[in-house]
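Encoded as structure tokens, the structure appears first; notes follow it.
We count ligands from 1, going down the list as the structure has it; atoms in each ligand are counted the same way. Nothing here was measured: the structure is a model prediction, and the numbers come from that model.
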Amino acid sequence: MTVKITKCSREDFQILQEISIETFNDTFKDQNSPENMIAYLERAFNSNQLEKELSNISSEFYFIYFNEELAGYLKVNMNDAQSEKMGDESLEIERIYIRYKFQRKGLGKYLINKAMEIAIRQNKKMIWLGVWEKNENAIDFYKRKGFVQTGAHSFYMGDEEQIDYIMTKTLI
Ligand SMILES: CC(C)(COP(=O)(O)OP(=O)(O)OC[C@H]1O[C@@H](n2cnc3c(N)ncnc32)[C@H](O)[C@@H]1OP(=O)(O)O)[C@@H](O)C(=O)NCCC(=O)NCCS
């Protein structure tokens, strides 16, 4: 088995849009109404929004390949691109998604390790993320990787207010 992680550039826009929609849909469609899913997908992954995020120098996207097949992606934010004011010594994992058929093969772990490598290289002291309180699989996964819950914030899925746990991991 070969695993490869590559940094996305603006040329990857279309593939990134496709995998973002596919993985978000697969993860959340069973627990949310179709209307709220459509509203969220349209807001988060429309072409303008994704182009803006891809060209933000404080955000980075990475693809992960398993035996040359695209298996998932990672988005990290630094500085002002973070979705909460966590300060310049923090790095946010905003998105970490492994396509369904590639889950439980260790690839999520590779992407967390990649985020940690980026954070350490940039002398960050903390890595953090927001995870939906009902996403138990992901919460278990983050706990195994040493994250602890340190707060919560709300966000909107369509017109429904939902709670995200804030989980953090200290790097030094
Ligand atoms: C959560 C996710 C990123 C984990 O990636 P993955 O490649 O499936 O996980 P890995 O195979 O790397 O597993 C890493 C560890 O987490 C554990 N783990 C993974 N999925 C788990 C689950 N569903 N329940 C319990 N533990 C789990 C593994 O057993 C492994 O533990 P170990 O280190 O003790 O062996 C992936 O399943 C995913 O993309 N899920 C859907 C999208 C999602 O929810 N993203 C997070 C949004 S906040």
When you compare the side chains of Gln31 and Trp132, does any donor N or O come within less than 3.5 Å of an acceptor on the partner?
no

Heavy-atom nearest neighbour in the protein, as seen from [atom], with distance rounded to 0.1 Å:
atom	answer
atom 33 (O) of ligand 1	Lys109 NZ, 3.0 Å
atom 38 (C) of ligand 1	Gln103 NE2, 3.6 Å
atom 24 (N) of ligand 1	Arg104 NH1, 3.6 Å
atom 45 (N) of ligand 1	Ile96 O, 2.9 Å
atom 34 (O) of ligand 1	Arg144 NH1, 2.9 Å
atom 5 (O) of ligand 1	Gly108 CA, 3.4 Å
atom 39 (O) of ligand 1	Ile98 N, 2.7 Å

Closest non-hydrogen atom pair between Asp164 and Gly130, with its separation:
OD2-C, 3.9 Å

Evaluating non-hydrogen atoms only, which member of Asn135, Val131, Thr23 is closest to atom 47 (C) of ligand 1?
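Going through Asn135, Val131, Thr23 one by one, Asn135 has the nearest heavy atom to atom 47 (C) of ligand 1.
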
With rounding to the nearest 0.5 Å, note down the distance linking CD1 in Ile15 to CD in Glu22.
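Ile15 atom CD1 to Glu22 atom CD measures 12.0 Å (nearest 0.5 Å).
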
Calculate, to the nearest 0.5 Å, the distance between atoms OG1 and CE belonging to Thr150 and Met86 respectively.
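The CE atom of Met86 is 6.0 Å from OG1 of Thr150, to the nearest 0.5 Å.
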
Evaluation steps, side-chain contact (heavy atoms from CB on, under 4.5 Å), between Phe102 and Glu69:
CA-CA 10 Å; Phe102 296 100; Glu69 256 190 279; 3.7 Å; yes

Look only at interatomic distance and state if [X] has a nitrogen or oxygen under 3.5 Å from any nitrogen or oxygen of ligand 1.
X	answer
Phe141	no
Gly106	yes
Gly130	no
Thr27	no

Can you pull the salt bridge (Lys or Arg N to Asp or Glu O under 4.0 Å) pairs that have at least one residue in residues 142-163, sequence neighbours excluded?
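Not a single pair qualifies under salt bridge (Lys or Arg N to Asp or Glu O under 4.0 Å).
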
Salt bridge (Lys or Arg N to Asp or Glu O under 4.0 Å) contacts in which one or both residues fall within residues 39-60, not counting sequence neighbours:
Lys7-Glu60, Arg10-Glu51, Glu53-Lys75, Glu53-Arg95

Side chain or backbone of Phe28 under 4.0 Å from ligand 1, or both, or neither, by non-hydrogen atoms?
neither

Enumerate the atoms of ligand 1 whose separation from the nearest heavy atom of Lys105 is less than 4.0 angstrom.
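Heavy-atom distances to Lys105 below 4.0 Å select 11 (O).
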
Sidechain-backbone polar pair: Gln149 side chain, Gly151 backbone, donor-acceptor under 3.5 Å
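Yes, the answer is positive, given that a donor and an acceptor are paired below the 3.5 Å cut-off.
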
Are Ile112 and Leu74 linked, directly or through intermediate hydrophobic residues, by side-chain heavy-atom contacts shorter than 4.5 Å (ILVMFWY only)?
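Looking at the clustering, Ile112 is in the same group as Leu74.
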
Hey, is Tyr142 one of the residues with a heavy atom under 4.0 angstrom from ligand 1?
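Flag set, Tyr142 near ligand 1.
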
Between Phe24 and Tyr40 (judged by ring centroids, cut-off 6.0 Å), do the two rings come close enough to count as a pair?
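Yes; Tyr40 has its ring centre under 6.0 Å from that of Phe24.
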
